[in-house]
Amino acid sequence: MPPALDLLMQRHSTPSRQLGAPGPEGAELHALLEAAVRVPDHGKLVPFRLIELRGDAKQIFGDRLAAIAARNPALSEAKREKERTRYGFAPLVLVVVARVTTDSKVPPIEQEIAAGCVAYNLLLGAHALGYGAQWLTGWAAYDAEVAALLRLAGNERVIGFVHIGTPQIEVPDRDRPTVQEVFSPWMP
Ligand SMILES: Cc1cc2nc3c(=O)[nH]c(=O)nc-3n(C[C@H](O)[C@H](O)[C@H](O)COP(=O)(O)O)c2cc1C
């Protein structure tokens with residue numbers, strides 16, 4: 001099997017709480033980012049950007065998120081507790097942001113898909129470099145206060161928080177859809 005296809009076959013997420021140091025930094029992180037932004041992009045709009053959360057900034061972000069969660073009566077106590085600790089594990093979290101050009105002929109969904117490809121490339125690239133990663137959204141990706149905390153513009157939204165680090169345990173793969181389940185010929 002070609003190595004690139006083998007990578008696709010081997011990749012799986014590592015839960016963010018099972019990720020620890022080290023994570024990619026310096027030239028290695030730069031290479032990961034360069035590879036990640038090579039996505040199909042209708043209209044070449046570059047409808048994405050990335051925000052790094054690392055070190056103290058990452059922990060402060062996690063604390064602020066927990067404070068927002070604590071004020072939200074719609075979130076269960078268990079979810080609020082999860083927020084208090086979520087950012088203490090993976091050494092690096094990349095926030096993938098979609099920035100949608102509204103006066104373009106390219107529909108917003110296509111621009112958001114391009115940003116989603118960046119997030120997936122990060123998972124693949126992290127795996128290729130020997131790291132583990134997980135793409136999370138949760139309530140925080142859709143919360144206006146969190147968007148303000150990240151200083152997102154009105155046309156921007158969080159596509160995912162990609163946690164990257166070194167797996168602390170061997171994570172078994174999950175069940176995968178079979179080709180038979182998802183593939184069929186079109187019948188005229
Ligand atoms: C857009 C998106 C958002 C996700 N958000 C969450 C999340 O908030 N919480 C969670 O437990 N898993 C979430 N997941 C799933 C995990 O990232 C991951 O895919 C899954 O745990 C294992 O699948 P994998 O091994 O094929 O990556 C999300 C996946 C996608 C594509």
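In what follows, every heavy atom counts, from backbone to side chain, and hydrogens, waters and symmetry copies are set aside. Order of listing sets the numbers, starting from 1, for every ligand and every atom in it.
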closest protein heavy atom to atom 25 (O) of ligand 1 is Ser13 N, 2.8 Å
Under 4.0 Å between a side-chain nitrogen and a carboxylate oxygen: does that hold for Lys58 and Glu52? no
To which protein heavy atom is atom 3 (C) of ligand 1 closest, and what is the distance rounded to 0.1 Å? Thr137 OG1, 3.3 Å
Please confirm whether Gly138 comes within less than 3.5 Å of ligand 1 when only nitrogen or oxygen atoms on both sides are compared. yes
Do other residues, nucleotides or ligands put more than 12 heavy atoms under 6.0 Å from the CZ atom of Arg176? yes
Any N or O of Arg176 that comes nearer than 3.5 Å to an N or O of ligand 1? yes
A quick test of your reading: do over 12 heavy atoms of other residues, nucleotides or ligands sit less than 6.0 Å from CZ of Arg64? no
Assess whether atom CD1 of Ile109 is packed by more than 12 heavy atoms of other residues, nucleotides or ligands within 6.0 Å. no
Using distance alone, decide if ligand 1 has a nitrogen or oxygen within less than 3.5 Å of any nitrogen or oxygen in Trp135. yes
Going by atom types only, do His163 and Gln134 share a side-chain donor-acceptor pair under 3.5 Å? no
Considering the heavy atoms of Gln134, write down every atom of ligand 1 situated less than 4.0 Å from one of them. 16 (C), 17 (O), 21 (O)
Ligand 1 atoms nearer than 4.0 angstrom to some heavy atom of His12 are 25 (O)
Return yes when atom CD of Glu170 has more than 12 non-hydrogen atoms of other residues, nucleotides or ligands closer than 6.0 Å, and no otherwise. no
Atom 22 (C) of ligand 1 [closest protein heavy-atom partner, distance rounded to 0.1 Å]: Arg174 NE, 3.5 Å
Among Asp173, Leu136, Leu123, whose heavy atom sits nearest atom 7 (C) of ligand 1? Leu136
Can you confirm whether more than 12 heavy atoms, excluding those of Asp6, are under 6.0 Å from its CG atom? yes
